[in-house]
Amino acid sequence: LAYLPHPGTRLLEIGFGSGMLHAELASRYKMAGIDLAPGMARLTRQRLDNSGRHSALCVGSVYAIPWPDATFDAVLSTFAFSAFADADRALDEMVRVIVPGGRVIIIDAGRADDGNLVAAMLARVWELLGDYMRDERPLLAARGFSVQREEYGPQGCVHVVVGTAE
């Protein structure tokens, strides 16, 4: 993943879920993770232990990240940001824990930039299921980040938004 920081740097994953990606990343980064679900933390800990990898895992909320300011080189959220009702509060915490020049990387579902009907319909389904479809670019730009976005998946309904602190 070209938008991730250099191997060996400090990476926080928000909403690590079952830990498949987290355990893989732990082979290259000094990992930490936070997730609301104790069961996901147990499963991820087991994956890490089975692979001989380490990460500082925490059960908690993105709205109260328990690490000090400027702890991480990057923060990664993969298919979790759309579940946060208060995007501003979540981003404020994510930004707080990155170093100057650090990155916030959000991979999530949503509408495609070209406005195609398939991506719009999929986004509407996700909204009906309780997710919050939003464009993260203006949220990051408002915090002084330079922002890039790439689209993937069916009709561009999956996007990667990378904000780099200036």
Side-chain angles (χ1 to χ4, degrees), residues 1-110 131-132 134-152 158-166:
L1 305 175
Y3 39 84
L4 288 172
H6 298 292
T9 56
R10 299 161 299 170
L11 179 62
L12 172 65
E13 186 177 16
I14 307 287
F16 50 77
S18 67
M20 291 180 70
L21 177 62
H22 196 86
E24 177 62 31
L25 292 171
S27 70
R28 290 177 278 195
Y29 298 97
K30 296 174 186 169
M31 289 298 296
I34 185 168
D35 198 295
L36 274 175
M40 291 295 116
R42 282 190 300 275
L43 180 58
T44 300
R45 172 59 53 213
Q46 184 176 40
R47 283 186 196 281
L48 289 162
D49 291 347
N50 290 344
S51 67
R53 297 175 182 152
H54 176 74
S55 177
L57 297 180
C58 172
V59 175
S61 171
V62 67
Y63 303 128
I65 298 173
W67 284 277
D69 296 358
T71 299
F72 300 99
D73 299 292
V75 172
L76 171 67
S77 174
T78 306
F79 296 103
F81 198 80
S82 60
F84 306 147
D86 189 341
D88 285 313
R89 190 170 160 207
L91 266 179
D92 287 343
E93 275 294 281
M94 293 164 78
V95 168
R96 179 185 66 76
V97 299
I98 63 168
V99 298
R103 291 183 186 160
V104 172
I105 305 158
I106 300 170
I107 302 170
D108 221 318
D131 278 352
Y132 301 89
R134 55 176 72 95
D135 186 349
E136 298 88 356
R137 289 173 291 191
L139 298 172
L140 285 161
R143 287 162 175 79
F145 282 70
S146 62
V147 183
Q148 298 174 282
R149 175 175 156 138
E150 295 180 31
E151 294 180 347
Y152 301 93
V158 174
H159 57 262
V160 177
V161 177
V162 179
T164 304
E166 296 186 342

4.5 Å side-chain heavy-atom contact, [X] and [Y]:
X      : Y      : value
Pro5   : Phe72  : no
Ile34  : Val62  : no
Phe145 : Val162 : no
Val95  : Val75  : no

If every non-hydrogen atom of [X] is compared with every non-hydrogen atom of [Y], which pair is closest and at what distance?
X     : Y      : answer
Ala85 : Arg134 : O-NH2, 3.7 Å
Ala80 : Asp108 : N-OD2, 3.7 Å
Leu48 : Ala26  : CD2-CB, 3.7 Å

Fill in: Value rounded to 0.5 Å, distance of OG in Ser51 from CD in Gln46
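So the gap between those two atoms works out to 11.0 Å.
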Fill in: Nearest-0.5 Å distance that lies between atom OH in Tyr63 and atom CG in Leu91
10.5 Å
Item to complete: Give a yes or no on whether the backbone of Met40 and the side-chain of Asp35 come within a donor-acceptor separation of less than 3.5 Å.
Response: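 Pair absent, no side-chain N/O of Asp35 close to backbone of Met40.
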Discussion item. Just to verify, what does Asp88 make a salt bridge (charged side-chain N to carboxylate O under 4.0 Å, His left out) with, not counting sequence neighbours?
Written reply: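 With sequence neighbours excluded, Asp88 shows a salt bridge (charged side-chain N to carboxylate O under 4.0 Å, His left out) to Arg143, given in chain and number order.
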Practice prompt. Hey, could you give me each pair passing ring-ring contact (aromatic ring centres under 6.0 Å, His included) that has a residue in residues 80-105? Not counting sequence neighbours.
Written response: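 Sorted result for residues 80-105: Phe81-Phe84.
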Fill in: Sequence-distant partners of Glu151, side chain to side chain contact (heavy atoms under 4.5 Å, CB included), two or more places apart
Ala112, Asp113, Arg149, His159
Show me the donor-acceptor pairs, under 3.5 Å and distance only, between side chains in residues 7-23 and residues at least two apart or in other chains.
| from | atom 1 | to | atom 2 | distance (Å) |
| --- | --- | --- | --- | --- |
| Thr9 | OG1 | His6 | O | 2.6 |
| Arg10 | NE | Thr71 | O | 3.2 |
| Arg10 | NE | Asp73 | OD2 | 3.3 |
| Arg10 | NH1 | Thr71 | O | 2.8 |
| Arg10 | NH2 | Asp73 | OD1 | 3.4 |
| Glu13 | OE1 | His22 | ND1 | 2.8 |
| His22 | NE2 | Ser55 | OG | 2.7 |

Item to complete: With sequence neighbours excluded, tell me which residues meet side chain to side chain donor-acceptor pair (under 3.5 Å) with Arg47.
Response: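 Listed in chain order: nothing, the list is empty.
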Give every donor-acceptor pair under 3.5 Å between a side-chain atom in residues 96-105 and any protein atom, sequence neighbours left out.
| from | atom 1 | to | atom 2 | distance (Å) |
| --- | --- | --- | --- | --- |
| Arg96 | NE | Glu93 | OE2 | 2.9 |
| Arg96 | NH1 | Trp67 | O | 2.9 |
| Arg96 | NH1 | Asp69 | OD1 | 2.8 |
| Arg96 | NH2 | Ile65 | O | 2.7 |
| Arg96 | NH2 | Trp67 | O | 3.1 |
| Arg96 | NH2 | Glu93 | OE1 | 3.1 |
| Arg103 | NH1 | Tyr3 | O | 2.6 |
| Arg103 | NH1 | Leu4 | O | 3.4 |

